[in-house]
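Notes for the one structure printed next.
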Amino acid sequence: MVREKQYQVQEGSFCYREEDSAVEITGYAGSAARLQIPDRIGGFPVRRVGRKAFWNSRQLERVSVPETVEWIGDWAFASCRALEEIKLPGKNIRFGYKVFQNSMRLKRLFLGQRNPYLARLAATAAVQLEASYLLDLDTIGSREWFYALDARILETLQEPEEAVVKNLVYCAEEDMSAKEEACLRQSVCRKTEIALQRLLCPDGLPETVQKQLAEYLCRETKAAWEAVKQSREDKLLYCAKMIEIGAVNRQNIGDMLDDLDETQVELRAFLLKQRPAMTASSAIWRTLEL
(Lines give C-alpha, C1' and ligand atoms only; values in the text may rest on other atoms or scores of the structure.)
Protein backbone atom coordinates (compact mmCIF):
# COMPACT_ATOMS: atom_id res chain seq x y z
CA MET A 1 0.00 0.00 0.00
CA VAL A 2 1.33 3.44 -1.00
CA ARG A 3 1.68 5.74 2.00
CA GLU A 4 0.27 9.27 1.80
CA LYS A 5 2.57 12.20 2.51
CA GLN A 6 2.15 15.92 3.21
CA TYR A 7 3.56 18.77 1.15
CA GLN A 8 3.48 22.16 2.88
CA VAL A 9 2.97 25.38 0.93
CA GLN A 10 2.21 28.92 2.04
CA GLU A 11 -1.52 28.45 1.37
CA GLY A 12 -1.81 25.17 3.33
CA SER A 13 -0.79 21.60 2.62
CA PHE A 14 -1.36 18.97 -0.06
CA CYS A 15 -1.81 15.29 0.64
CA TYR A 16 -0.15 13.15 -2.01
CA ARG A 17 1.28 9.80 -2.80
CA GLU A 18 4.17 8.71 -5.01
CA GLU A 19 3.91 5.80 -7.40
CA ASP A 20 5.91 4.88 -10.52
CA SER A 21 8.01 8.08 -10.27
CA ALA A 22 4.92 10.27 -10.37
CA VAL A 23 2.76 12.11 -7.85
CA GLU A 24 -1.01 12.00 -7.30
CA ILE A 25 -2.62 14.80 -5.30
CA THR A 26 -5.12 13.15 -2.94
CA GLY A 27 -6.26 16.09 -0.81
CA TYR A 28 -5.78 19.68 0.24
CA ALA A 29 -6.12 21.48 3.56
CA GLY A 30 -5.92 25.26 3.62
CA SER A 31 -7.77 28.52 3.33
CA ALA A 32 -6.51 29.76 -0.06
CA ALA A 33 -9.03 31.39 -2.38
CA ARG A 34 -6.55 31.21 -5.27
CA LEU A 35 -4.46 28.07 -5.57
CA GLN A 36 -1.70 26.88 -7.88
CA ILE A 37 -1.30 23.11 -7.78
CA PRO A 38 2.45 22.38 -7.87
CA ASP A 39 3.91 20.74 -10.95
CA ARG A 40 6.52 18.76 -8.99
CA ILE A 41 6.71 17.38 -5.46
CA GLY A 42 9.75 15.59 -4.09
CA GLY A 43 11.43 15.69 -7.49
CA PHE A 44 8.58 13.86 -9.23
CA PRO A 45 6.00 15.38 -11.63
CA VAL A 46 2.41 15.76 -10.48
CA ARG A 47 0.51 13.56 -12.96
CA ARG A 48 -2.86 13.04 -11.29
CA VAL A 49 -5.44 14.93 -9.26
CA GLY A 50 -7.05 12.12 -7.35
CA ARG A 51 -10.60 11.14 -6.47
CA LYS A 52 -12.29 13.82 -4.31
CA ALA A 53 -8.95 15.61 -3.92
CA PHE A 54 -10.59 19.05 -3.59
CA TRP A 55 -14.13 17.89 -2.85
CA ASN A 56 -16.09 20.38 -0.72
CA SER A 57 -13.20 22.89 -0.59
CA ARG A 58 -15.53 25.78 0.10
CA GLN A 59 -12.91 28.51 0.14
CA LEU A 60 -11.48 27.91 -3.34
CA GLU A 61 -12.34 30.48 -5.99
CA ARG A 62 -9.63 30.01 -8.63
CA VAL A 63 -7.40 27.01 -9.30
CA SER A 64 -4.54 26.50 -11.77
CA VAL A 65 -3.74 22.92 -12.76
CA PRO A 66 -0.15 22.39 -13.99
CA GLU A 67 0.83 21.17 -17.44
CA THR A 68 2.18 17.94 -15.94
CA VAL A 69 -1.30 16.67 -14.97
CA GLU A 70 -2.75 13.94 -17.20
CA TRP A 71 -5.76 12.76 -15.17
CA ILE A 72 -8.39 14.37 -12.92
CA GLY A 73 -10.34 11.82 -10.91
CA ASP A 74 -13.95 11.31 -9.87
CA TRP A 75 -15.50 14.28 -8.01
CA ALA A 76 -12.06 15.93 -7.78
CA PHE A 77 -13.53 19.45 -7.77
CA ALA A 78 -17.11 18.59 -6.79
CA SER A 79 -19.14 20.69 -4.33
CA CYS A 80 -16.64 23.57 -4.37
CA ARG A 81 -19.33 26.17 -3.70
CA ALA A 82 -17.15 29.27 -4.28
CA LEU A 83 -15.16 27.97 -7.27
CA GLU A 84 -15.41 30.38 -10.22
CA GLU A 85 -12.44 29.62 -12.46
CA ILE A 86 -10.13 26.72 -13.31
CA LYS A 87 -7.17 26.81 -15.67
CA LEU A 88 -6.41 23.38 -17.12
CA PRO A 89 -3.31 22.27 -19.07
CA GLY A 90 -2.95 23.14 -22.74
CA LYS A 91 -3.34 19.50 -23.73
CA ASN A 92 -6.02 16.87 -23.58
CA ILE A 93 -6.31 15.16 -20.22
CA ARG A 94 -8.61 12.42 -18.97
CA PHE A 95 -11.53 13.13 -16.65
CA GLY A 96 -13.24 10.89 -14.16
CA TYR A 97 -16.89 10.81 -13.14
CA LYS A 98 -18.71 14.08 -12.30
CA VAL A 99 -15.46 15.96 -11.69
CA PHE A 100 -17.19 19.34 -11.20
CA GLN A 101 -20.57 18.20 -9.84
CA ASN A 102 -22.42 20.85 -7.77
CA SER A 103 -19.70 23.46 -8.25
CA MET A 104 -22.44 25.69 -9.60
CA ARG A 105 -20.51 28.97 -9.50
CA LEU A 106 -17.88 27.75 -11.93
CA LYS A 107 -18.09 30.25 -14.80
CA ARG A 108 -14.75 29.91 -16.58
CA LEU A 109 -12.95 26.71 -17.50
CA PHE A 110 -9.84 27.47 -19.52
CA LEU A 111 -8.64 24.51 -21.58
CA GLY A 112 -5.24 25.95 -22.36
CA GLN A 113 -6.89 28.68 -24.46
CA ARG A 114 -7.60 32.25 -23.36
CA ASN A 115 -10.89 32.84 -25.16
CA PRO A 116 -13.31 33.96 -22.40
CA TYR A 117 -16.39 32.93 -24.39
CA LEU A 118 -15.09 29.39 -24.87
CA ALA A 119 -14.07 29.27 -21.20
CA ARG A 120 -17.63 30.13 -20.18
CA LEU A 121 -19.15 27.56 -22.52
CA ALA A 122 -16.68 24.91 -21.35
CA ALA A 123 -17.74 25.59 -17.76
CA THR A 124 -21.38 25.24 -18.77
CA ALA A 125 -20.56 21.92 -20.45
CA ALA A 126 -18.66 20.61 -17.44
CA VAL A 127 -21.03 21.67 -14.65
CA GLN A 128 -24.54 22.35 -15.93
CA LEU A 129 -24.55 19.81 -18.75
CA GLU A 130 -22.26 17.19 -17.14
CA ALA A 131 -20.71 16.64 -20.58
CA SER A 132 -17.00 16.08 -19.98
CA TYR A 133 -16.70 14.75 -23.55
CA LEU A 134 -16.92 18.40 -24.65
CA LEU A 135 -13.70 19.24 -22.78
CA ASP A 136 -11.63 18.36 -25.83
CA LEU A 137 -8.81 20.75 -26.65
CA ASP A 138 -8.56 19.45 -30.22
CA THR A 139 -12.15 20.33 -31.13
CA ILE A 140 -13.25 23.15 -28.81
CA GLY A 141 -14.40 26.16 -30.80
CA SER A 142 -14.88 24.18 -34.00
CA ARG A 143 -18.16 23.94 -35.89
CA GLU A 144 -18.52 20.31 -34.79
CA TRP A 145 -17.92 21.25 -31.16
CA PHE A 146 -20.61 23.93 -31.18
CA TYR A 147 -23.00 21.49 -32.85
CA ALA A 148 -22.38 18.90 -30.11
CA LEU A 149 -22.72 21.57 -27.40
CA ASP A 150 -26.04 22.86 -28.71
CA ALA A 151 -27.36 19.33 -29.17
CA ARG A 152 -26.57 18.60 -25.51
CA ILE A 153 -28.19 21.88 -24.41
CA LEU A 154 -31.42 21.14 -26.28
CA GLU A 155 -31.41 17.57 -24.96
CA THR A 156 -31.12 18.95 -21.40
CA LEU A 157 -33.93 21.48 -21.90
CA GLN A 158 -36.20 18.70 -23.15
CA GLU A 159 -35.40 16.35 -20.26
CA PRO A 160 -38.69 14.88 -18.95
CA GLU A 161 -39.82 15.38 -15.35
CA GLU A 162 -39.50 11.70 -14.48
CA ALA A 163 -35.80 11.81 -15.39
CA VAL A 164 -35.31 14.82 -13.11
CA VAL A 165 -36.79 13.21 -10.00
CA LYS A 166 -35.61 9.62 -10.52
CA ASN A 167 -32.63 9.98 -8.17
CA LEU A 168 -34.54 11.46 -5.26
CA VAL A 169 -34.33 9.55 -2.01
CA TYR A 170 -37.83 8.34 -1.24
CA CYS A 171 -39.44 9.33 2.05
CA ALA A 172 -42.93 9.76 3.48
CA GLU A 173 -45.56 10.37 0.80
CA GLU A 174 -46.48 13.84 2.08
CA ASP A 175 -42.81 14.86 2.13
CA MET A 176 -42.05 13.30 -1.24
CA SER A 177 -44.54 15.52 -3.08
CA ALA A 178 -42.93 18.69 -1.77
CA LYS A 179 -39.47 17.29 -2.45
CA GLU A 180 -40.35 16.49 -6.07
CA GLU A 181 -41.84 19.95 -6.58
CA ALA A 182 -38.71 21.65 -5.23
CA CYS A 183 -36.50 19.40 -7.37
CA LEU A 184 -38.45 20.26 -10.52
CA ARG A 185 -38.32 24.01 -9.78
CA GLN A 186 -34.58 23.80 -9.27
CA SER A 187 -34.19 21.84 -12.51
CA VAL A 188 -36.11 24.38 -14.59
CA CYS A 189 -34.13 27.22 -13.03
CA ARG A 190 -30.90 25.42 -13.97
CA LYS A 191 -32.12 24.91 -17.52
CA THR A 192 -33.01 28.58 -17.94
CA GLU A 193 -29.54 29.55 -16.77
CA ILE A 194 -28.03 27.20 -19.36
CA ALA A 195 -30.10 28.91 -22.05
CA LEU A 196 -29.08 32.36 -20.82
CA GLN A 197 -25.41 31.40 -20.73
CA ARG A 198 -25.53 30.14 -24.32
CA LEU A 199 -27.27 33.30 -25.55
CA LEU A 200 -24.62 35.41 -23.82
CA CYS A 201 -21.92 33.49 -25.72
CA PRO A 202 -23.39 33.38 -29.24
CA ASP A 203 -20.27 32.13 -31.05
CA GLY A 204 -21.30 29.38 -33.46
CA LEU A 205 -24.96 29.64 -32.41
CA PRO A 206 -27.36 28.85 -35.28
CA GLU A 207 -30.42 31.08 -35.61
CA THR A 208 -32.72 28.09 -35.20
CA VAL A 209 -31.16 27.15 -31.85
CA GLN A 210 -31.14 30.79 -30.75
CA LYS A 211 -34.88 30.94 -31.43
CA GLN A 212 -35.51 27.73 -29.45
CA LEU A 213 -33.57 29.06 -26.46
CA ALA A 214 -35.43 32.37 -26.54
CA GLU A 215 -38.79 30.57 -26.75
CA TYR A 216 -37.87 28.38 -23.79
CA LEU A 217 -36.96 31.41 -21.67
CA CYS A 218 -40.17 33.21 -22.62
CA ARG A 219 -42.15 30.10 -21.71
CA GLU A 220 -40.31 29.66 -18.39
CA THR A 221 -40.02 33.33 -17.49
CA LYS A 222 -40.65 32.80 -13.78
CA ALA A 223 -37.82 30.27 -13.44
CA ALA A 224 -35.54 32.38 -15.64
CA TRP A 225 -36.16 35.37 -13.39
CA GLU A 226 -35.09 33.27 -10.40
CA ALA A 227 -31.88 32.44 -12.28
CA VAL A 228 -31.32 36.15 -12.87
CA LYS A 229 -31.77 36.98 -9.18
CA GLN A 230 -29.55 34.12 -8.00
CA SER A 231 -26.67 34.96 -10.32
CA ARG A 232 -23.70 36.70 -8.75
CA GLU A 233 -21.74 38.30 -11.57
CA ASP A 234 -24.08 37.93 -14.56
CA LYS A 235 -27.45 39.14 -13.28
CA LEU A 236 -27.41 42.41 -15.26
CA LEU A 237 -26.29 40.63 -18.43
CA TYR A 238 -28.98 37.99 -17.91
CA CYS A 239 -31.58 40.68 -17.31
CA ALA A 240 -30.56 42.59 -20.44
CA LYS A 241 -30.85 39.40 -22.49
CA MET A 242 -34.30 38.69 -21.00
CA ILE A 243 -35.41 42.17 -22.08
CA GLU A 244 -33.88 41.74 -25.54
CA ILE A 245 -35.81 38.52 -26.26
CA GLY A 246 -39.03 39.86 -24.73
CA ALA A 247 -39.16 37.61 -21.66
CA VAL A 248 -39.15 40.78 -19.53
CA ASN A 249 -41.54 43.30 -21.04
CA ARG A 250 -43.92 46.14 -20.20
CA GLN A 251 -46.59 43.69 -19.01
CA ASN A 252 -44.45 41.94 -16.39
CA ILE A 253 -41.67 44.39 -15.49
CA GLY A 254 -43.77 45.71 -12.60
CA ASP A 255 -44.02 42.20 -11.16
CA MET A 256 -40.26 41.79 -11.53
CA LEU A 257 -39.65 45.01 -9.61
CA ASP A 258 -42.09 44.01 -6.86
CA ASP A 259 -40.26 40.70 -6.52
CA LEU A 260 -36.94 42.36 -5.63
CA ASP A 261 -35.97 42.93 -2.01
CA GLU A 262 -33.52 45.38 -0.47
CA THR A 263 -30.53 43.16 -1.34
CA GLN A 264 -31.15 43.54 -5.08
CA VAL A 265 -30.46 47.28 -5.35
CA GLU A 266 -28.33 47.05 -8.49
CA LEU A 267 -30.85 44.91 -10.36
CA ARG A 268 -33.73 47.18 -9.32
CA ALA A 269 -31.85 50.26 -10.58
CA PHE A 270 -31.16 48.51 -13.89
CA LEU A 271 -34.82 47.60 -14.40
CA LEU A 272 -36.01 51.08 -13.48
CA LYS A 273 -33.62 52.51 -16.05
CA GLN A 274 -35.06 50.22 -18.76
CA ARG A 275 -38.71 50.77 -17.87
CA PRO A 276 -39.25 54.18 -19.58
CA ALA A 277 -38.13 52.77 -22.95
CA MET A 278 -40.64 49.93 -22.63
CA THR A 279 -43.41 52.36 -21.69
CA ALA A 280 -42.54 54.69 -24.57
CA SER A 281 -42.52 51.79 -27.00
CA SER A 282 -45.95 50.61 -25.84
CA ALA A 283 -47.31 54.17 -26.13
CA ILE A 284 -46.14 54.38 -29.76
CA TRP A 285 -47.90 51.11 -30.60
CA ARG A 286 -51.11 52.30 -28.94
CA THR A 287 -50.97 55.50 -31.05
CA LEU A 288 -50.47 53.49 -34.23
CA GLU A 289 -53.38 51.23 -33.32
CA LEU A 290 -55.62 54.28 -32.99
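For reference, positions follow the sequence shown, starting with 1. All values below come from the heavy atoms of this structure, side chains included, with hydrogens, waters and symmetry mates left out. Since this is a predicted model, take the numbers as computed values, not measurements.
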Is the shortest heavy-atom distance from the side chain of [X] to the side chain of [Y] under 4.5 Å?
{"X": "Val9", "Y": "Tyr7", "result": "yes"}
{"X": "Val127", "Y": "Met104", "result": "yes"}
{"X": "Arg120", "Y": "Leu200", "result": "yes"}
{"X": "Leu267", "Y": "Cys239", "result": "yes"}
{"X": "Arg47", "Y": "Glu24", "result": "no"}
{"X": "Arg108", "Y": "Ile86", "result": "no"}
{"X": "Val248", "Y": "Met256", "result": "yes"}
{"X": "Glu61", "Y": "Glu85", "result": "no"}

Please state whether the rings of Phe54 and Phe14 are parallel, tilted or perpendicular, taking 30° and 60° as the class boundaries.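 Rings of Phe54 and Phe14: perpendicular, over 60°.
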
Atom [atom1] of [X] with >12 non-hydrogen neighbours under 6.0 angstrom:
{"X": "Glu266", "atom1": "CD", "result": "no"}
{"X": "Lys91", "atom1": "NZ", "result": "yes"}
{"X": "Lys222", "atom1": "NZ", "result": "no"}
{"X": "Glu207", "atom1": "CD", "result": "no"}

Check: [X]/[Y] side-chain N/O donor and acceptor closer than 3.5 Å:
{"X": "Gln59", "Y": "Ser31", "answer": "no"}
{"X": "Thr139", "Y": "Glu144", "answer": "no"}
{"X": "Asp136", "Y": "Trp145", "answer": "no"}
{"X": "Glu220", "Y": "Thr192", "answer": "no"}

Run the numbers on Glu84 and Arg232 for salt bridge (charged side-chain N to carboxylate O under 4.0 Å, His left out), then give the verdict. CA-CA 11 Å; Glu84 297 177 355; Arg232 293 183 66 199; 2.8 Å; yes

Check the pair Asp234, Leu237 against side-chain contact (heavy atoms from CB on, under 4.5 Å), reporting the backbone distance first and the verdict last. CA-CA 5 Å; Asp234 294 325; Leu237 293 174; 3.9 Å; yes

Show the nearest heavy-atom pair for residues [X] and [Y], with the distance to one decimal.
{"X": "Leu217", "Y": "Ala247", "result": "O-CB, 4.2 Å"}
{"X": "Pro45", "Y": "Ser21", "result": "CD-O, 3.6 Å"}
{"X": "Arg275", "Y": "Gly254", "result": "NH2-CA, 4.0 Å"}
{"X": "Ala123", "Y": "Leu106", "result": "CB-O, 3.6 Å"}
{"X": "Pro89", "Y": "Pro66", "result": "CG-O, 3.1 Å"}

Answer yes or no: is there a donor N or O on one side and an acceptor on the other, between the side chain of [X] and the main chain of [Y], under 3.5 Å?
{"X": "Asp150", "Y": "Tyr147", "answer": "no"}
{"X": "Ser231", "Y": "Ala227", "answer": "no"}
{"X": "Asn252", "Y": "Asp255", "answer": "no"}
{"X": "Arg268", "Y": "Leu260", "answer": "yes"}
{"X": "Lys191", "Y": "Ala223", "answer": "no"}

Atom pair [atom1] ([X]) and [atom2] ([Y]), whose distance is rounded to the nearest 0.5 Å:
{"X": "Asn102", "Y": "Arg81", "atom1": "CG", "atom2": "CZ", "result": "6.0 Å"}
{"X": "Glu4", "Y": "Thr26", "atom1": "CD", "atom2": "OG1", "result": "3.5 Å"}
{"X": "Ile194", "Y": "Leu157", "atom1": "CD1", "atom2": "CG", "result": "6.5 Å"}
{"X": "Leu83", "Y": "Arg105", "atom1": "CG", "atom2": "CZ", "result": "10.5 Å"}
{"X": "Asn92", "Y": "Leu111", "atom1": "CG", "atom2": "CG", "result": "8.5 Å"}
{"X": "Ile245", "Y": "Thr221", "atom1": "CD1", "atom2": "OG1", "result": "7.5 Å"}

Among Phe100, Phe95, Tyr97, Trp55, which residue meets the ring pair (Phe, Tyr, Trp, His ring centres under 6.0 Å) test with Trp75?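 Exactly one option meets the ring pair (Phe, Tyr, Trp, His ring centres under 6.0 Å) with Trp75, and it is Tyr97.
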
Please tell me whether [X] and [Y] are part of a single hydrophobic cluster in this structure, the criterion being side-chain heavy atoms less than 4.5 Å apart.
{"X": "Leu257", "Y": "Phe270", "result": "yes"}
{"X": "Val228", "Y": "Leu272", "result": "yes"}
{"X": "Leu129", "Y": "Tyr133", "result": "yes"}
{"X": "Phe110", "Y": "Val99", "result": "no"}

Could you check Gln6 against Cys15 for side-chain contact (heavy atoms from CB on, under 4.5 Å), going step by step and ending with a plain yes or no? CA-CA 5 Å; Gln6 296 282 330; Cys15 294; 3.1 Å; yes

List the steps, then state whether side-chain contact (heavy atoms from CB on, under 4.5 Å) holds for Glu67 with Val69. CA-CA 6 Å; Glu67 292 292 324; Val69 167; over 6 Å; no

Salt bridge (charged side-chain N to carboxylate O under 4.0 Å, His left out) partner of Glu193, the single match among Arg198, Lys107, Lys229, Lys235: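 One option only clears the test, and that one is Lys107.
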
Checking side-chain contact (heavy atoms from CB on, under 4.5 Å) between Leu205 and each of Val209, Asp203, Thr208, which is the one that passes?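 Answer to the side-chain contact (heavy atoms from CB on, under 4.5 Å) test with Leu205 among Val209, Asp203, Thr208: Val209.
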
Can Val63 and Phe77 be said to form a side-chain contact (heavy atoms from CB on, under 4.5 Å), step by step? CA-CA 10 Å; Val63 177; Phe77 292 99; 4.0 Å; yes

